[in-house]
Number of protein chains: 4
Amino acid sequence: MGRPPLKKSAIERSALELFVEKGVDGTSIRDIAERAGVTEGALYRHHKGKDDLVRALFFENHAGFAKMISHLWKSDGRFQVLIPDLVRAFFEFYDQDPYIFRFVMLVRHKLLEEVRADEKNPVELLSRIVREAMKRGEIPKGDEPLLTQLILGMVMQTAVGQYYGRIDGPLVDRAETVAGYCLLVSGAEAASAAAR
Amino acid sequence: MGRPPLKKSAIERSALELFVEKGVDGTSIRDIAERAGVTEGALYRHHKGKDDLVRALFFENHAGFAKMISHLWKSDGRFQVLIPDLVRAFFEFYDQDPYIFRFVMLVRHKLLEEVRADEKNPVELLSRIVREAMKRGEIPKGDEPLLTQLILGMVMQTAVGQYYGRIDGPLVDRAETVAGYCLLVSGAEAASAAAR
Amino acid sequence: MGRPPLKKSAIERSALELFVEKGVDGTSIRDIAERAGVTEGALYRHHKGKDDLVRALFFENHAGFAKMISHLWKSDGRFQVLIPDLVRAFFEFYDQDPYIFRFVMLVRHKLLEEVRADEKNPVELLSRIVREAMKRGEIPKGDEPLLTQLILGMVMQTAVGQYYGRIDGPLVDRAETVAGYCLLVSGAEAASAAAR
Amino acid sequence: MGRPPLKKSAIERSALELFVEKGVDGTSIRDIAERAGVTEGALYRHHKGKDDLVRALFFENHAGFAKMISHLWKSDGRFQVLIPDLVRAFFEFYDQDPYIFRFVMLVRHKLLEEVRADEKNPVELLSRIVREAMKRGEIPKGDEPLLTQLILGMVMQTAVGQYYGRIDGPLVDRAETVAGYCLLVSGAEAASAAAR
DNA sequence: AATGAATGAGATTTCATTCAT
DNA sequence: AATGAATGAAATCTCATTCAT
């Protein structure tokens with residue numbers, strides 16, 4: 001009974017896009033409503049306000065990233081396989097819908113404290129992956145926090161570079177290459193060579 | 001060195017800090033005036049308005065970065081020397097005043113068109129540096145745009161990682177290490193080995 | 001006795017309470033629906049809207065007061081008996097359900113014109129009672145409008161005083177005392193003494 | 001330097017009047033601004049918001065009442081003189097500007113807790129006056145809280161009665177009469193008779 | 001040069017009411 | 001009868017900017 005919430009997803013999608021296009025503060029409720037084809041008040045049936053909407057969109061997608069990572073991690077633990085899988089999965093995800101990643105980047109800042117407290121933080125997961133690979137000897141022991149950031153930096157900046165028009169074509173085309181550099185920096189190849 | 005000046009008028013410094021702390025849209029003229037110890041109207045003596053202030057702060061500092069890069073590039077062209085110098089210079093700069101870099105990152109987006117048109121764009125300069133190194137055979141020929149982004153990503157993400165509390169201590173302590181990875185990814189070491 | 005019914009539908013009772021607790025304008029349809037355990041739309045099954053609900057609650061209860069007074073007035077006309085009966089009846093009523101009286105006080109203002117036109121207005125009835133007592137010589141002739149207000153003031157302020165925490169216990173305990181003062185101010189005792 | 005706050009008092013007076021005429025919730029910021037001849041934003045230079053404005057107006061005037069009482073109390077302590085003075089002062093005050101008293105009555109409710117905590121609460125002062133008169137034997141010992149409310153009720157309801165059109169002319173004309181009733185109810189006359 | 005009151009435009013939010021289900 | 005999504009109008013509040021002093 002009662003109408004189905006026909007417009008909820010339209011509102012959320014419009015918000016996501018506009019936040020990316022014009023920034024969170026640069027986007028008004030009116031903008032969102034207009035693009036979603038509803039009136040301003042409709043938003044408040046589904047979210048307490050703009051902040052709440054931002055938060056909901058963020059954590060929903062943040063959790064999505066974390067799930068993606070967890071899923072791959074479980075299926076094959078070896079660093080040399082996992083990293084390429086992760087890079088490829090992320091790039092495929094980004095190619096398919098660049099808005100979500102950009103939105104998450106955009107908003108991370110504002111929700112910093114809450115992100116830090118989040119155990120399923122994707123960065124935290126990557127950090128654990130690196131730590132474990134070091135422990136298992138899949139890569140040489142070293143400065144894990146730095147290595148985590150370097151891998152993150154290469155992967156994410158590739159996406160940013162595409163956004164800024166400095167890199168062409170789908171990211172997936174560079175997945176293998178970028179993953180290779182991640183392994184190179186990790187010392188994974190040297191380690192596996194040594195193991196041979 | 002062509003570093004941007006570290007001392008600004010109270011208004012500009014207050015604005016810079018607040019923009020970083022609360023975002024540009026999240027900072028009101030009143031906020032700025034309050035922190036600077038003046039009243040709202042005073043700002044309009046020095047700048048046409050908020051937009052003008054943002055733009056002034058951005059280009060002033062953006063140009064500073066470019067100058068820093070140009071200066072180093074001219075003094076020694078070899079990639080294997082230049083990259084470590086650049087990384088160290090950037091990290092020193094960041095350690096001394098993290099606000100400026102963060103502000104530039106924050107605002108890039110909004111001024112995107114104007115940044116792209118700017119020949120002295122720091123990213124553009126790095127891109128040229130990489131291109132030239134390839135031309136000269138200092139590093140193997142390859143996907144220059146991607147390599148530029150990878151270097152950028154590693155360097156900048158190190159700063160971000162520190163900001164997010166994942167990396168401790170001054171960035172400068174990691175300068176050599178990070179630069180080494182940049183050269184590794186560039187293939188500079190292999191190239192120089194081959195040259196031997 | 002013609003007391004207004006103490007049980008209302010959930011909606012009406014919830015509305016009554018909330019109006020007293022948070023004011024009419026401070027109470028939303030949603031608030032009422034929530035407390036009544038229904039949804040917003042349900043209210044419109046029973047009332048045309050919020051205004052209609054307020055009006056209905058008011059006149060229902062206002063008429064109840066008038067009935068209470070009329071009933072007692074008819075049963076024994078003598079002022080010296082009637083006043084104590086009225087005071088006691090009002091105090092009993094208030095003790096049993098303070099919300100109704102408070103609600104009526106709260107809303108009187110807004111419905112002023114309609115109340116004035118109402119012949120069965122409780123204040124109007126009291127006024128007639130006083131006038132008649134003067135005519136009959138039960139109390140000395142005098143400033144009837146003022147006397148009416150003085151009686152009203154003493155009785156009602158006793159209730160207000162309890163609400164504000166300045167008077168303890170059930171009002172009924174003070175009924176006799178307060179009634180005595182009303183008669184004292186009316187000159188009823190002197191009059192009856194003189195009649196002796 | 002800077003313009004003088006020309007409109008502050010206009011805003012506050014307009015607000016006071018409108019709150020009385022249409023209720024606090026029934027009065028919008030726009031209404032206030034319109035009557036004061038300013039734009040809506042002007043209000044926020046002087047008060048944080050509507051609530052803040054209400055609070056400021058209330059406590060300013062509430063304190064005014066308390067001062068009036070304190071002043072008279074100090075000048076002559078005897079109950080038989082003080083009560084008529086107080087009643088007259090209050091009626092004169094009301095005749096001169098009925099809005100202030102009505103506003104205070106209107107808002108008391110909402111600020112109940114804060115009022116209770118206020119030592120200079122006019123009701124609290126009256127209560128002390130009565131208590132002291134009992135202690136000094138100026139009036140017979142008895143139920144002080146009730147007596148306080150009865151006096152309050154008579155005095156205030158006279159004002160309310162005039163507002164509702166049931167009592168004509170300036171209140172001051174009734175000051176002596178009402179004060180006489182207050183003393184009568186207090187037993188002051190009997191007490192002074194007994195003292196003779 | 002500076003002040004800070006006031007403006008004017010627009011943002012977020014609330015809410016009585018309507019209406020498809 | 002009831003639901004609750006959506007509307008539409010209005011309310012509160014914010015803020016870059018202007019301007020009299």
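Remember, it's a predicted structure, so these values are computed and weren't measured experimentally. Order of the sequence lines sets the chain letters (A, B, ...), proteins ahead of strands, with each chain counted from 1.
- Regarding C/His47, its NE2 atom lies at a distance of 12 Å from the P atom of F/dA2, rounded to whole Å.
- Residues from residues 49-61 of chain A that place a heavy atom under 4.0 Å from any atom of DNA chain E, listed by number: A/Gly49, A/Lys50.
- To the nearest 0.5 Å, atoms CG (B/Leu106) and CG (B/Leu16) are separated by 10.0 Å.
- Residues from residues 18-43 of chain D placing a heavy atom under 4.0 Å of any atom in DNA chain E, listed by number, are D/Val38, D/Thr39, D/Gly41, D/Ala42.
- For B/Glu17 and B/Arg13, the salt-bridge test passes: some basic side-chain N is under 4.0 Å from an acidic carboxylate O.
- Distance, D/Arg45 CZ to E/dG8 P: 15 Å, rounded to whole Å.
- There is a side-chain donor-acceptor pair under 3.5 Å between C/Tyr94 and C/Arg102.
- Direction of the helix axis in the helix from E/dA2-F/dT21 to E/dT21-F/dA2 shifts by 0° between the two five-pair termini, rounded to 10°.
- The existence of a salt bridge linking C/Lys22 and D/Asp25 is excluded, since no basic side-chain nitrogen approaches an acidic carboxylate oxygen closer than 4.0 Å.
- Only the C1' atoms considered, E/dA1 is 13 Å distant from F/dT21, to the nearest whole Å.
- Contacts of B/Val54 classified as side chain to side chain contact (heavy atoms under 4.5 Å, CB included), with partners at least two apart in sequence or in another chain: B/Phe19, B/Val24, B/Phe103, B/Val107.
- For residues 35-58 of chain A, the pairs satisfying ring-ring contact (aromatic ring centres under 6.0 Å, His included) are A/Phe58-A/His62, with sequence neighbours left out.
- Salt-bridge annotation for D/Arg55 and D/Glu60: absent, with no side-chain N of the basic residue lying under 4.0 Å from a carboxylate O of the acidic one.
- Looking at every heavy atom in both residues, B/Ala33 comes nearest to B/Thr39 through CB-C, 3.6 Å.
- Checking E/dT17, F/dC13, F/dA6 against every side-chain atom of A/Lys7, the shortest atom distance belongs to F/dA6.
- Regarding contacts with the backbone of F/dA6, a side-chain N or O of A/His46 is found under 4.0 angstrom from either OP1 or OP2.
- Around CZ of D/Arg116, the count of heavy atoms belonging to other residues, nucleotides or ligands within 6.0 Å exceeds 12.
- Salt bridge annotation for B/Arg108-B/Glu114: absent, with no cationic side-chain nitrogen under 4.0 angstrom from a carboxylate oxygen.
- Applying the side chain to side chain contact (heavy atoms under 4.5 Å, CB included) rule to B/Ala36 yields the partners B/Ala10, B/Ile11, B/Ser14, B/Val38; only residues at least two apart in sequence or on another chain are considered.
- Set against E/dT14, E/dT17, F/dA16, the side chain of C/Tyr44 has E/dT17 as its closest nucleotide.
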